[in-house]
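This report concerns only the one structure given below.
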Number of protein chains: 2
Amino acid sequence: MPIVVVGSVAYDGVETPYGKVDRMLGGACTYIALAASYFHPVQIVGVVGDDFDTADSDFLASRGIDLEGLERVPGGKTFFWQGVYSPDMNDRTTLVTDLNVFANFQPKLPESYKNAEYLLLGNIQPALQRSVREQMNRTRFTGGDTMNYWINDFREELLRTLKGWDFLLINDSEARLLSGETNLKRAARKILDMGPNTLVIKRGEYGAMLFREDQYFIVPGYLLEEVFDPTGAGDCFAGGFVGALAACGFDLKDSNVDRKELARAVIYGSVMGSFCCEKFGVERFRTLTRAEIDARYKEFQSFTDF
Amino acid sequence: MPIVVVGSVAYDGVETPYGKVDRMLGGACTYIALAASYFHPVQIVGVVGDDFDTADSDFLASRGIDLEGLERVPGGKTFFWQGVYSPDMNDRTTLVTDLNVFANFQPKLPESYKNAEYLLLGNIQPALQRSVREQMNRTRFTGGDTMNYWINDFREELLRTLKGWDFLLINDSEARLLSGETNLKRAARKILDMGPNTLVIKRGEYGAMLFREDQYFIVPGYLLEEVFDPTGAGDCFAGGFVGALAACGFDLKDSNVDRKELARAVIYGSVMGSFCCEKFGVERFRTLTRAEIDARYKEFQSFTDF
């Protein structure tokens, strides 16, 4: 049973200290789907304009990603984002956000998706995230991402959505904003009270943390020598995490969830996020192999084991 | 064979979001010695004025710390530092630095210290650090800490000192400044070329990393729910790290150093740093037991294992 991934499919213009690309395939849904595709079948739901390049859909299809739910709006243009990173790449400034066809995105699941067991919702309006869940017949687990904008300006909507989720996957500043707590351990406890039984907090170069009611797991970030472009790294983390869980047929609702399997999924998320940064945009996924992924997983074991 | 610890013994005035203490026992040498004393015998070298409270020297002695090298200057006053932490405690502002007797600190080793095998040099002038090493007959390992001021204004002195060290223990911003590299993996390689065979980079709440020529180890930070006062946490890390190495009779010069023992020393350093933050100043060490230390070590295993 595949993973349904919902979110933005976009073109990005990105400048980092290592170079500049005016227009390349991007979007949360794209990154999540590519990363997850190394672990489990993926079906995507998104919207693009008729400027969306066949070479790009061919690339996604070449990774086995089901594109039936990728809507093409005739005469429309694909979501375009442009940004520039700070010299240390810990901050970025958005220069252009042209929502285009994404402004009216109403995710509709093809019939062939409705029996999927895993649902990963990229960062979109919380009510839309809920509408997708309602279109599915059943899920083993449902969860996703959100961002500061929804936490601040759509808080009630978001809280309603979170009640139906098994996991939430956000970064540390979002966790602080959502919980009102600076301390991440206290923040996690408050967020777990909002609905999700599993919380993953991404900390960028510092790694990630997973919390459940009675346990937690922390992994440091992978030490890359060159970060060419961090765009999409958090989404690739999400794709690797959910892909790894789905691949072992996981049910997050089970209170006897295997702690080790959860931890391994966090490692696979970290591995996918680290590979994403090694080239601009989605380029790394044109050559990346499962053998490279498993080798880096082993590297994580070797530099964290004691 | 004991560990000789050299550095400041001071009184601190500290304000954090959790409270304010006008004057309490502090100084790098104090924190290092207290932390190390849980693992191995410690001999300290420092200087205080005749305002140094007997209750404070009694406390250090009660932890088995040898105070023969703690010089008392008649009519002098003990080093006093006062600072205030930012609300998130990631920054601090120094309000007062009265060096007092510490301004003329010329570390002199008692005869009974000269055969010690382990030497840990707190953050003092690099030439003074070198002079201590020269007073010792032999060491299994020598190393210590430094800071931005010495890296910027005493660079040549510092580089000469580092040539004779087996390990250097600094924070991430110091590693970047010393190496001129933003990327910590590249920074580590450059620093290992300066002399030390072992580099530990402390990352505060994000944990720590250990580098040697052919291997590295990374551990995330311990998740405290309340950080009352981070003063001395980095020094306690150093004390725990060196204490744990000395306790197993380690020789860092050996190229076949046990990777697991090194990693365990980093964990013990992290454990001691985390306990330090739980109360103001050195207060936590009045009640801390070795059993609590070993329990937290196990906790590190449980939240990092996969």
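The structure presented is a predicted model; accordingly, all values stated were derived computationally and were not measured.
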> Who pairs with Phe39(A) by ring-ring contact (aromatic ring centres under 6.0 Å, His included), at least two apart in sequence or on another chain?
Replying inline: Tyr268(A)

> In terms of heavy-atom proximity below 4.5 Å to chain B, should Asp172(A) be classed as side chain, backbone, both, or neither?
Replying inline: side chain

> Would Val266(B) and Phe306(A) count as a side chain to side chain contact (heavy atoms under 4.5 Å, CB included) if you check the C-alpha gap in whole Å, the side-chain angles of each, and the deciding distance to 0.1 Å?
Replying inline: CA-CA 10 Å; Val266(B) 174; Phe306(A) 67 94; over 6 Å; no

> Roughly how far, to the nearest 0.5 Å, is CG of Leu224(B) from CG of Asn183(A)?
Replying inline: 8.0 Å

> Of the backbone (N, CA, C, O) and the side chain (C-beta and beyond), which part of Ile267(A) lies under 4.5 Å from a heavy atom of chain B, both, or neither?
Replying inline: side chain

> Counting a contact as any heavy-atom pair under 4.5 Å apart, which residues of residues 277-301 of chain A contact chain B?
Replying inline: Tyr297(A), Glu299(A), Phe300(A), Gln301(A)

>> If I compare all heavy atoms of Ile218(B) with all of Gly221(A), which pair ends up nearest, and what's the gap?
In response: CD1-O, 3.9 Å

>> I'd like to know whether Arg259(A) forms a salt bridge (charged side-chain N to carboxylate O under 4.0 Å, His left out) with Asp305(B), so could you lay out the CA-CA distance, the side-chain angles of the two residues, the decisive distance to 0.1 Å, and finally the verdict.
In response: CA-CA 10 Å; Arg259(A) 145 87 176 65; Asp305(B) 186 43; 5.5 Å; no

>> Distance check, rounded to the nearest 0.5 Å: Glu226(B) atom CD versus Arg186(A) atom CZ?
In response: 4.5 Å

>> Just to verify, what does Phe217(A) make a ring-ring contact (aromatic ring centres under 6.0 Å, His included) with, not counting sequence neighbours?
In response: none

> Taking atom CZ of Phe303(A) and atom CD of Gln215(B), what is their separation to the nearest 0.5 Å?
Replying inline: 13.5 Å

>> Quick one, Arg189(A) with Glu225(B), criterion side chain to side chain contact (heavy atoms under 4.5 Å, CB included). Give me CA distance, side-chain angles, the key distance, then yes/no.
In response: CA-CA 11 Å; Arg189(A) 200 174 306 130; Glu225(B) 280 205 47; 2.5 Å; yes

>> Given heavy-atom pairs under 4.5 angstrom as the criterion, report whether the side chain, backbone, both or neither of Glu181(A) touches chain B.
In response: neither

> Who in residues 85-93 of chain A is close to chain B, using a strict under-4.5 Å heavy-atom cut-off?
Replying inline: none

